[in-house]
Number of protein chains: 2
Amino acid sequence: MYTETAMVGLGAPLRASERAYRQLRGEILNGLLAPGAALLEVEQAERIGVSRTPLREAVARLIADGLVVGRRGRGFEVTDISVDSISELYELRQALEVQAIRLAATRRDPAPFLELRDAFVTAPELLDQGDIGVHRYYVLIDELEDAVDAAVENPFLVGALRAVRTHLARIRRLARRNPLRLRAAAAEHLLIIDAIIAGDPSLAAHATHIHLHQSLLSVLAAIEEDSEQ
Amino acid sequence: MYTETAMVGLGAPLRASERAYRQLRGEILNGLLAPGAALLEVEQAERIGVSRTPLREAVARLIADGLVVGRRGRGFEVTDISVDSISELYELRQALEVQAIRLAATRRDPAPFLELRDAFVTAPELLDQGDIGVHRYYVLIDELEDAVDAAVENPFLVGALRAVRTHLARIRRLARRNPLRLRAAAAEHLLIIDAIIAGDPSLAAHATHIHLHQSLLSVLAAIEEDSEQ
DNA sequence: GATCGCTCTTGTGTATACAGAAACCGCAAT
DNA sequence: ATTGCGGTTTCTGTATACACAAGAGCGATC
């Protein structure tokens, strides 16, 4: 989630198309650009402060990411998120994560996971520390994902996973997570990490399967709850 | 493989960017543009007969497809295919196909697969009829893939599968398949189809797993053989 | 009053012109 | 002979101008 709107000045002077891409992507992920929002080339180009050419390139990338769809004659539109699409995304996610975890457990380089294990053991305490603790917990999950990606050593698989995570970021915004679920999730993550360290691909895979099953249930429940209020 | 270089005039007058995309994509898949080939914007734009703007859009899509990588200062380059990358692609493919087949078997609409079953039963005879038969066999596989895609009803998963198949098309060109393998593959496909018809997701998944395992072995063996000659 | 058609507006698709950056070549100096 | 430096060239990145297509609004006619 490093593509926040606030991309403070870093070394390289970004290309205009890259700036436009990051800004639009960030705004879609943040919900600032709501699903279904109709966007026009000229309008957006002016707003972001780039010309139409780089903006079109940015939009093309967003379409490839599945965050945006082109419309017949009239500009483009932010894709919307239905409950059905969440379940569908999780069907893909399950396939990818299970495979990734299985491979990570097979590759057997426990070192980075031993560190993460320590962190996840203390995760429940973290979750007692309010918003800042929750945020640090999410950072921990990011680190776990990075460690898995590195262990998998498979650009194709990691690429597909990154695409899924992009969509997940939007979904997380929809459903506020409840603290009990986070605590349970931490325990599930710990089991997965232990399975990787133990070099037990089958256990790791099944633990991941279950984790994602619970995660989907929790997300769907949270959305249903929100929509009732 | 419907993106041959010969895209004869069909109804809609294609946009220039679309034409450029299809032509380049076709040429990369055909091997006409070899892996590692360095391409320049102006050069390609002239060759295809479009301006630089739509060509850049086409290249952007190819980069998103993973068929092309941009180079620092000097144009772009067709991605190359290493033996390692083939194994990696199959790691992703396995995850996706197993999940897709599992879902297809779960959804339980046997109708389209009953037809395919008949076709695959007679596949061995087809393979005795030389190149034309082999071609018809490949068409059959395409139809099976389409039937699975339709049964899965999951845009995310199907999208990921399509991306994998794009890369597979390039790999198939590298390794001429031997007839014995094709015959064995037909039997494996038949088992998968039967499992879907029977509504047995677990059997379908395991059959797919094995099929892909054998397929990878065959491809790697064929490449090794070719490189020895 | 409703419907058909025309025009005017707006927005995309494409080409081209211009600016900045990076690589290549040659020259010279060590 | 090799290496460092500068000029030149080429290529990308961006902006803008133009053409064409689709829609909306308005008027005229039935």
Side-chain angles (χ1 to χ4, degrees), chain A residues 3 7 9-28 33-80, chain B residues 3 7 9-28 33-80:
Chain A
T3 48
M7 283 296 288
L10 20 78
L14 249 24
R15 292 175 306 192
S17 65
E18 186 69 25
R19 264 190 304 142
Y21 173 70
R22 294 200 189 177
Q23 177 165 348
L24 285 174
R25 189 187 139 97
E27 288 177 359
I28 292 172
L33 289 175
L39 306 177
L40 271 37
E41 282 185 13
V42 277
E43 175 186 305
Q44 294 302 313
E46 271 185 28
R47 187 173 67 86
I48 297 180
V50 300
S51 149
R52 278 183 55 216
T53 309
L55 184 109
R56 281 174 65 88
E57 196 173 314
V59 170
R61 289 176 65 184
L62 291 171
I63 290 176
D65 290 345
L67 292 175
V68 150
V69 287
R71 299 193 302 184
R72 190 172 66 190
R74 223 61 172 181
F76 52 96
E77 184 177 308
V78 180
T79 54
D80 66 340
Chain B
T3 48
M7 284 296 290
L10 19 79
L14 248 25
R15 290 174 307 190
S17 65
E18 187 69 25
R19 264 190 304 141
Y21 173 70
R22 295 201 189 176
Q23 178 165 347
L24 286 174
R25 186 177 192 275
E27 288 176 0
I28 292 173
L33 289 176
L39 306 177
L40 271 37
E41 282 185 14
V42 278
E43 175 186 305
Q44 295 301 313
E46 270 185 28
R47 188 173 66 86
I48 298 181
V50 300
S51 150
R52 278 183 56 218
T53 310
L55 184 108
R56 281 175 65 85
E57 196 172 315
V59 170
R61 288 176 66 184
L62 292 171
I63 290 176
D65 290 346
L67 293 174
V68 150
V69 287
R71 297 195 303 183
R72 192 171 65 189
R74 224 59 173 184
F76 52 96
E77 183 179 309
V78 181
T79 53
D80 67 339

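In what follows, chains carry the letters A, B, and so on, assigned in the order in which the sequence lines appear, proteins first and then strands, with residues in each chain numbered from 1. Excluded from the calculations below are hydrogen atoms, water molecules and symmetry mates; all remaining heavy atoms, backbone and side chain alike, are included.
Residues passing the side chain to side chain contact (heavy atoms under 4.5 Å, CB included) test with A/I63 are A/V59, A/V68, sequence neighbours excluded. For A/E43, there are no salt bridge (Lys or Arg N to Asp or Glu O under 4.0 Å) partners at least two apart in sequence or on another chain.
We find that CZ of B/R19 is positioned 13 Å from C1' of C/dA15, with the value rounded to whole Å. One atom, CD of A/E18, and another, C1' of D/dG13, lie 13 Å apart when rounded to the nearest Å. Atom-to-atom, OH of A/Y21 to P of D/dG13 comes out at 17 Å; the value is rounded to the nearest Å. As a whole-Å value, the separation of B/E43 CD from D/dC11 P is 8 Å. Rounded to whole Å, the distance from CD on A/Q44 to C1' on C/dT10 is 16 Å. Distance CZ (B/F76) to C1' (D/dT12): 12 Å, rounded to an integer number of Å. Atom pair B/R15:CZ and C/dG11:P shows a separation of 18 Å (rounding to whole Å applied). We find that CD of A/E46 is positioned 11 Å from P of D/dT16, with the value rounded to whole Å.
Within the 3.5 Å criterion, the main-chain N or O of A/A58 finds no donor-acceptor partner in the side chain of A/S17.
Residues from residues 48-59 of chain A that place a heavy atom under 4.0 Å from any atom of DNA chain C, listed by number: A/R52, A/R56.
Under the 4.0 Å criterion applied to side-chain N and carboxylate O atoms, A/E57 and A/R61 are not assigned as salt-bridge partners. With respect to A/R47 and A/E27, a salt bridge is recorded, a charged nitrogen being found less than 4.0 Å from a carboxylate O.
Look at A/S17 and you'll find a side-chain N or O under 4.0 angstrom from OP1 or OP2 of D/dT14.
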Exercise for the section: Apply side-chain contact (heavy atoms from CB on, under 4.5 Å) to the pair A/R19 and A/I48, showing each step before the final yes or no. Expected result: CA-CA 9 Å; A/R19 264 190 304 142; A/I48 297 180; 5.6 Å; no
